[in-house]
Amino acid sequence: MIPFLNLGKVNAEYRDEIVSAMARVVDSGWYILGNEVREFERRFADYCGVSQAIGVANGLDALSLVFRAYIEFGQMAEGDEVIVPANTYIASMLAISANRLIPKPVEPELHTFNLDISRIEDSITSRTRAIMVVHLYGQIGYSDELQKLADKYGLKIIEDAAQAHGALYHCKRAGNLGDAAGFSFYPGKNLGALGDGGAVTTNDAKLADTIRALGNYGSTVKYENLFKGVNSRLDELQAALLSVKLQYLDRDNSSRRAIASKYLNLITNPRLILPGCLCQESHVWHLFVIRTELRDLFQEHLRQRGIGTVIHYPVAPHKQPAYVEWNDYSYPITEEIHRTVLSLPMAPCMTEAEVQAVIDACNCY
Ligand SMILES: *Cc1c(COP(=O)(O)O)cnc(C)c1O
């Protein structure tokens, strides 16, 4: 049996170091906003190549607090619009909607699953304030072309980097490409905690200070409240083990690349469409997503061979009850993606035999 993802096995690799980091926190007697969070923020900022990282409770909050800060600055207001890929995980859009901003879905490219930059301009209006670029499945969606477009219209670029820890665009990391980025440390992500966690990265110190305050009841000095904030903090336990796992992120991402390159080279079944990869460094293979017309039958075939798969994602955001106002809209490329995608097992701890078994099962269908 090859599960889609065995998180116990992923973390077993670092068990001793994780346990001693957690013991250190237990013994310290300090569990919220202490040295562990400060230390992880410094390490994660250095890793991403930015000056600021702010730990928050989860990836959705990371993205949401970026918009909230721009609203506090008066740079965005209720009813303003944010361009977002139509096929993203719904959290990207919820972060926009939560701030009473309006997500404007734009179709992706079929072969990379990322925003089709040539379609953005038609969706820009006088109310557009930002483009949220999602590095979906681990591949960078940002480009110089996107930056030019943002500059031309004076738009912010917000990265949803929840699936792309460590991915590079021309030597710059995800998290250092736009005005600000949101990361998730949900357990299954490339850098995963043992619970919820997230971070904002940016080179804008004022933005960072505001987000830090917003996530702590709107306060920078205890019992002095500048904003009507929320409680969204990374805790010391998660920060301590994330510092451990961050040391191995590049190694884990290389393992993912090695597995992806085997899949790309050795899966030869013409009924399966393999994912497009623009360049090695720009993809960290959070997910390996293929497309096929007979998706449900193919998933059943793999299940019978003991191989677990998951559909990311079965229903497009514009078809969800949560966005009932969009249910009649038509995004044919996005709908095509949701109808045909299937994610194969992908984890740094997969053995060569497991990878080969997945390849064999794909080729004999
Ligand atoms: C996981 C994820 C999020 C949300 O992160 P959480 O930590 O689960 O809140 C946002 N966007 C994308 C693309 C994600 O994959």
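All values derive from a computational prediction rather than experimental measurement.
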Taking all heavy atoms of [X] and all of [Y], pick out the closest pair and write down the distance.
{"X": "Leu65", "Y": "Gly215", "value": "CD1-CA, 4.3 Å"}
{"X": "Ala208", "Y": "Thr202", "value": "CB-CG2, 4.1 Å"}
{"X": "Met93", "Y": "Pro85", "value": "CE-O, 3.4 Å"}
{"X": "Phe288", "Y": "Leu274", "value": "CE2-CD2, 4.3 Å"}
{"X": "Val200", "Y": "Val66", "value": "CG1-CG2, 3.8 Å"}
{"X": "Leu234", "Y": "Gly198", "value": "CD1-N, 4.2 Å"}

Under 4.5 Å between any side-chain heavy atoms of [X] and [Y], yes or no?
{"X": "Leu136", "Y": "Thr88", "answer": "yes"}
{"X": "Leu5", "Y": "Val10", "answer": "yes"}
{"X": "Leu33", "Y": "Arg233", "answer": "yes"}
{"X": "His338", "Y": "Pro314", "answer": "no"}
{"X": "Tyr323", "Y": "Pro103", "answer": "yes"}
{"X": "Ser143", "Y": "Tyr169", "answer": "yes"}
{"X": "Leu344", "Y": "Cys362", "answer": "yes"}
{"X": "Pro275", "Y": "His111", "answer": "no"}

Check for me whether the distance between the ring centres of [X] and [Y] falls short of 6.0 Å.
{"X": "His318", "Y": "Tyr331", "result": "yes"}
{"X": "Tyr137", "Y": "His286", "result": "no"}
{"X": "Tyr47", "Y": "Phe40", "result": "no"}

Angle between ring planes, [X] versus [Y], binned at 30° and 60°: parallel, tilted or perpendicular?
{"X": "Phe4", "Y": "His312", "answer": "tilted"}
{"X": "Phe183", "Y": "His165", "answer": "tilted"}
{"X": "Tyr70", "Y": "Phe73", "answer": "perpendicular"}

Would you say the side-chain atoms of [X] pair up with the backbone N or O of [Y], donor to acceptor, closer than 3.5 Å?
{"X": "Arg295", "Y": "Val341", "result": "yes"}
{"X": "Asn87", "Y": "Ala316", "result": "no"}
{"X": "Gln238", "Y": "Leu194", "result": "yes"}
{"X": "Asp179", "Y": "Ile157", "result": "yes"}
{"X": "Asn58", "Y": "Tyr186", "result": "no"}
{"X": "Asp235", "Y": "Ile32", "result": "no"}
{"X": "Asn216", "Y": "Arg212", "result": "no"}

Nearest 0.5 angstrom please: [X] [atom1] to [Y] [atom2], how far?
{"X": "Leu191", "Y": "Lys245", "atom1": "CG", "atom2": "NZ", "value": "7.0 Å"}
{"X": "Arg339", "Y": "Ile311", "atom1": "CZ", "atom2": "CD1", "value": "12.0 Å"}
{"X": "Tyr31", "Y": "Glu236", "atom1": "OH", "atom2": "CD", "value": "10.0 Å"}
{"X": "Leu272", "Y": "Arg291", "atom1": "CG", "atom2": "CZ", "value": "11.0 Å"}
{"X": "Thr351", "Y": "Lys9", "atom1": "OG1", "atom2": "NZ", "value": "5.5 Å"}
{"X": "Leu302", "Y": "Leu297", "atom1": "CG", "atom2": "CG", "value": "11.5 Å"}

Taking side chain to side chain donor-acceptor pair (under 3.5 Å) as the definition, give me every residue that meets it alongside Arg305, ordered by chain and number, with sequence neighbours left out.
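Not a single residue meets the side chain to side chain donor-acceptor pair (under 3.5 Å) criterion with Arg305.
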
Return yes if a side-chain donor-acceptor contact under 3.5 Å exists between [X] and [Y], otherwise no.
{"X": "Gln304", "Y": "Glu300", "value": "yes"}
{"X": "Glu72", "Y": "Thr210", "value": "no"}
{"X": "Glu107", "Y": "Thr334", "value": "yes"}
{"X": "Lys156", "Y": "Gln75", "value": "yes"}
{"X": "Ser92", "Y": "Asp160", "value": "yes"}
{"X": "Tyr217", "Y": "Asn231", "value": "yes"}
{"X": "Asp116", "Y": "Ser118", "value": "yes"}
{"X": "Gln163", "Y": "His135", "value": "no"}
{"X": "Thr112", "Y": "Gln139", "value": "no"}
{"X": "Gln147", "Y": "Tyr142", "value": "yes"}
{"X": "Asp252", "Y": "Tyr14", "value": "yes"}
{"X": "Arg173", "Y": "Asn176", "value": "no"}

When you look at Val82 and Ile102, which way does the side-chain contact (heavy atoms from CB on, under 4.5 Å) test go after all the steps?
CA-CA 6 Å; Val82 179; Ile102 300 170; over 6 Å; no

NZ or CZ of Lys319 within 45° of Tyr329 ring axis and under 6.0 Å
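Pair Lys319/Tyr329 does not count as cation-pi.
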
Using the ring of Tyr365 (Phe, Tyr or Trp, six-membered ring only), decide whether Arg271 places NZ or CZ under 6.0 Å from its centre and within 45 degrees of its axis.
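The answer is yes, since Arg271 meets both limits relative to Tyr365.
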
Which ILVMFWY residues can you reach from Tyr223 by hopping between side chains whose heavy atoms are under 4.5 Å apart?
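Members alongside Tyr223: none; it stands by itself.
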
If you apply the rule side-chain hydrogen bond (donor to acceptor under 3.5 Å, both in side chains), what do you find for Tyr313 with Gln320, and how did you get there?
CA-CA 12 Å; Tyr313 300 91; Gln320 296 281 2; over 6 Å; no

Thinking salt bridges, do [X] and [Y] make one under a 4.0 Å N-O criterion?
{"X": "Glu13", "Y": "Arg251", "answer": "yes"}
{"X": "Arg42", "Y": "Asp46", "answer": "yes"}
{"X": "Arg257", "Y": "Glu281", "answer": "no"}

side-chain hydrogen bond (donor to acceptor under 3.5 Å, both in side chains) between Thr340 and Glu293: does it pass, once the steps are laid out?
CA-CA 6 Å; Thr340 55; Glu293 278 303 318; over 6 Å; no

